[in-house]
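This report refers to the structure that appears directly beneath it.
From a predicted model like this one, the values you see are computed outputs, not experimental measurements. Any value given below was found using the heavy atoms of this structure, including those in side chains, with hydrogens, waters and symmetry copies removed.
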Amino acid sequence: MENKKSNRATSIRWHKLLGRMLEELLTPLNITVLTDISVMTDPPEADILLIRRDLPKWTYDQLCRLPDGIRDTGANHILVEFKFTESFNRNTLNQALAYDTFFRRSQQSLKEKDIQTFVLCSKTPLKASREEFGYTEIYKSAIYHSTNPMLDRLFLIVINELSDATHNDFVRCFSSRKTKRWHAFKRIIKSGSQRISIAFLYFISGIIKLMSSREKESFIMEQQEITPDVVMEIGKELYEAMLDGLSIDDFMERFSAEEVLSRYKPEAVLSRYKPEERLSGLKPEERLSGLSLKEIEAYLKKMKNQKEN
């Protein structure tokens with residue numbers, strides 16, 4: 001019988017999951033996300049390519065969703081070599097360098113400054129491994145630049161070392177450290193769909209569930225390939241279960257009025273407000289709508305009597 005670890009290695013292509021997450025997150029902000037990009041006429045293929053479209057600089061909304069390193073570059077074509085289970089080593093750098101070289105050759109209309117390549121590592125590289133390849137110069141927290149002239153086009157991003165800034169949360173969900181993943185995940189979930197789409201929340205919930213199942217040796221759907229669509233379905237079930245555990249007050253705090261009303265009856269929502277809060281902003285005729293003339297007259301009579309007394 002084939003062991004579970006072997007199944008995991010062949011069942012999950014982590015860069016596709018990262019790519020799908022970035023696609024859900026960044027496409028609404030005018031950034032194209034493509035996975036398995038051909039960098040020449042024949043293979044090899046690069047894991048992820050982000051293309052910034054039409055805009056000379058990142059917008060504020062885009063910066064809110066891009067991690068350190070990537071958000072700091074002025075390049076509009078970004079290659080990402082993502083390593084989730086693999087270690088940082090010579091082979092990793094050779095692959096990334098080849099992708100960078102071949103892609104630049106295939107895009108003759110682009111200048112060198114228009115393209116930037118990153119090696120994104122889930123596991124923290126050993127200090128000795130980094131130093132072996134010249135990655136001793138810290139460009140920014142978690143972002144390393146090599147002093148080796150052969151590798152100076154490749155920036156290294158260590159997910160475990162990314163700062164606690166909210167714009168790093170999305171990538172930090174792929175951290176190899178459980179505590180960092182959960183911290184980022186909880187902040188994303190707490191923000192609700194007012195910050196990101198419901199589809200993204202489903203997907204990131206599926207990622208967290210998938211990682212947890214691997215740690216507990218209870219691999220989800222061992223005999224099925226774990227595609228982005230499978231992760232989306234897994235996440236939808238988990239996310240809906242979490243929503244069922246929220247109080248109506250928590251739900252109203254995190255979600256839009258439309259989403260609240262799709263889940264709760266109007267009378268249940270209105271019961272959370274004081275009478276004056278319910279009527280605030282309504283015109284007189286709107287306040288009286290639904291009342292009969294008899295009810296209005298009776299109320300006016302009552303108010304008159306109270307004033308006279």
When you compare the side chains of Thr92 and Asn89, does any donor N or O come within less than 3.5 Å of an acceptor on the partner? yes
Hey, what do you get for NZ (Lys83) to CH2 (Trp14), rounding to the nearest 0.5 Å? 14.5 Å
OG/Ser175 to CG/Asn168 distance, rounded to the nearest 0.5 angstrom? 11.5 Å
With distance as the sole criterion, is a donor-acceptor pair present between the side chains of Ser141 and Asp68 under 3.5 Å? no
Could you tell me whether the side chain of Gln116 and the main chain of Arg153 form a donor-acceptor pair under 3.5 Å? yes
Hydrophobic clustering (ILVMFWY, side-chain heavy atoms < 4.5 Å, transitive) - are Leu93 and Ile159 grouped together? no
Out of curiosity, Tyr144 OH to Phe118 CZ, how far, rounded to the nearest 0.5 Å? 15.0 Å
Separation between CG (Leu29) and SG (Cys64), nearest 0.5 Å, reads 9.0 Å
How far apart are the closest heavy atoms of Ile70 and Trp58, and which atoms are they? O-NE1, 3.5 Å
So, the side chain of Arg71 versus the backbone of Leu66: is there a donor-acceptor pair under 3.5 Å, distance only? yes
Rounding to 0.5 Å, atoms CZ (Arg13) and CD1 (Ile226) come to a distance of 14.0 Å
Nearest heavy-atom approach of Val158 to Pro125 is CG2-CD, 3.7 Å
Should the pair Trp182 and Phe185 be assigned to parallel (<30°), tilted (30 to 60°) or perpendicular (>60°) ring geometry? perpendicular
Going only through I, L, V, M, F, W and Y residues with side-chain contacts under 4.5 Å, is there a path from Ile138 to Phe133? yes
One should read off an interatomic distance between Leu151 CG and Arg90 CZ, to the nearest 0.5 angstrom, of 9.0 Å
Donor-acceptor pair, Ser122 side chain versus Ser176 backbone, under 3.5 Å? yes
